[in-house]
Undergrad: 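Got a structure for you, questions after.
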Amino acid sequence: MEKPVFDQNFRMQFEELLKWRRDVRSFRNDEVDPQLTERLIALATLAPSVGYSQPWRFVLVESAECRESIRANFELCNRQALDAYSGEKAQLYAKLKLAGLRDAPVHLAVFLNQQTECGSGLGRMTMPETLEYSAILAVHTLWLAARSYGLGVGWVSILDPAKVNTSLNLPEEWKLIAYLCIGYPQEEHPSPELLRNGWEVKLPASDILIRR
Ligand SMILES: Cc1cc2nc3c(=O)[nH]c(=O)nc-3n(C[C@H](O)[C@H](O)[C@H](O)COP(=O)(O)O)c2cc1C
């Protein structure tokens with residue numbers, strides 16, 4: 001395989017990709033080519049993983065029954081989350097769209113196989129949580145790859161994970177990492193929706209970089 005050259009033009013494009021990635025909750029109803037979905041999953045598996053454990057497992061949620069069960073799970077958890085807020089924050093929370101479960105053409109659940117023997121434990125004796133980090137990196141890799149194809153990804157975590165395993169008939173040991181809604185976005189923005197809706201502000205660089 002010939003060694004690629006990442007030139008300045010590529011770097012500028014890559015920066016644009018990072019800036020325009022977005023968490024997407026509103027999708028057009030155009031289908032996503034199933035081969036493209038499989039390609040995204042293949043690209044996600046290029047992510048780093050502790051000890052090359054490759055602990056990620058991808059579940060395409062296609063049946064109406066499974067999707068309805070996930071939607072019901074979200075609705076309940078979202079109502080409970082709303083109850084945890086009061087005053088203006090509660091009013092704002094109630095207005096936010098926090099999942100595109102109804103309109104996203106592709107539902108992809110990413111799990112961690114905690115029992116994986118791949119990697120023989122290398123790198124995670126002292127930090128077992130690195131197995132989870134590995135699966136999360138696969139999600140982020142898929143997120144960026146999807147965006148490069150004009151697709152949007154929305155991460156839904158307002159779910160009871162144990163119920164997700166039951167709905168999808170998966171082993172208890174598989175830990176839900178991300179439930180992803182994937183499709184072509186209705187809108188494209190260079191800033192997060194929660195920032196635009198006044199839920200949170202961007203932290204100044206001085207708050208996130210510490211020197212010792
Ligand atoms: C681990 C994780 C879980 C998230 N869960 C949700 C969710 O349940 N609902 C939602 O609307 N957004 C969810 N998001 C998206 C974040 O709200 C979003 O990334 C953040 O507001 C920044 O916006 P951006 O991704 O468009 O830059 C999640 C993101 C991450 C990384």
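Since the model is a prediction, treat every value here as computed from it, not as a measurement. All ligand and atom numbering here is 1-based and tracks the order in the structure.
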Undergrad: Tell me the residues surrounding ligand 1, counting only those with a heavy atom closer than 4.0 angstrom, sorted by chain and number.
TA: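 Ligand 1 pocket, heavy atoms under 4.0 Å: Arg21, Arg22, Asp23, Arg25, Leu98, Trp155, Val156, Ser157, Ile158, Pro192, Leu194.
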Undergrad: For the residue pair Arg147 and Glu188, establish whether any side-chain heavy-atom pair is separated by less than 4.5 Å.
TA: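 The answer is yes, as the side chains (C-beta and beyond) meet within the 4.5 Å cut-off.
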Undergrad: Apply salt bridge (charged side-chain N to carboxylate O under 4.0 Å, His left out) to Glu75 and list each qualifying residue two or more places apart in sequence or on a separate chain.
TA: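 Glu75 satisfies salt bridge (charged side-chain N to carboxylate O under 4.0 Å, His left out) with no other residue.
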Undergrad: Judged by atom type as modelled, is there a donor-acceptor pair below 3.5 Å linking the side chain of Glu173 to the main-chain atoms of Gln114?
TA: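 The answer is no, because no donor-acceptor pair under 3.5 Å joins these two groups.
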Undergrad: Report yes or no: does Gln54 contribute a side-chain atom to a donor-acceptor pair with the main-chain N or O of Tyr52 at less than 3.5 Å?
TA: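 A pair under 3.5 Å: yes.
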Undergrad: Should the pair Arg21 and Trp143 be classed as cation-pi, given the thresholds of under 6.0 Å to the six-membered ring centre and 45° from the axis?
TA: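 Yes, a cation-pi geometry holds between Arg21 and Trp143.
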Undergrad: Is the side chain of Asn165 donor-acceptor paired with the backbone N or O of Pro171 at a distance under 3.5 Å, no angle test?
TA: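 Side chain of Asn165 to backbone of Pro171, a donor-acceptor pair under 3.5 Å: yes, one is there.
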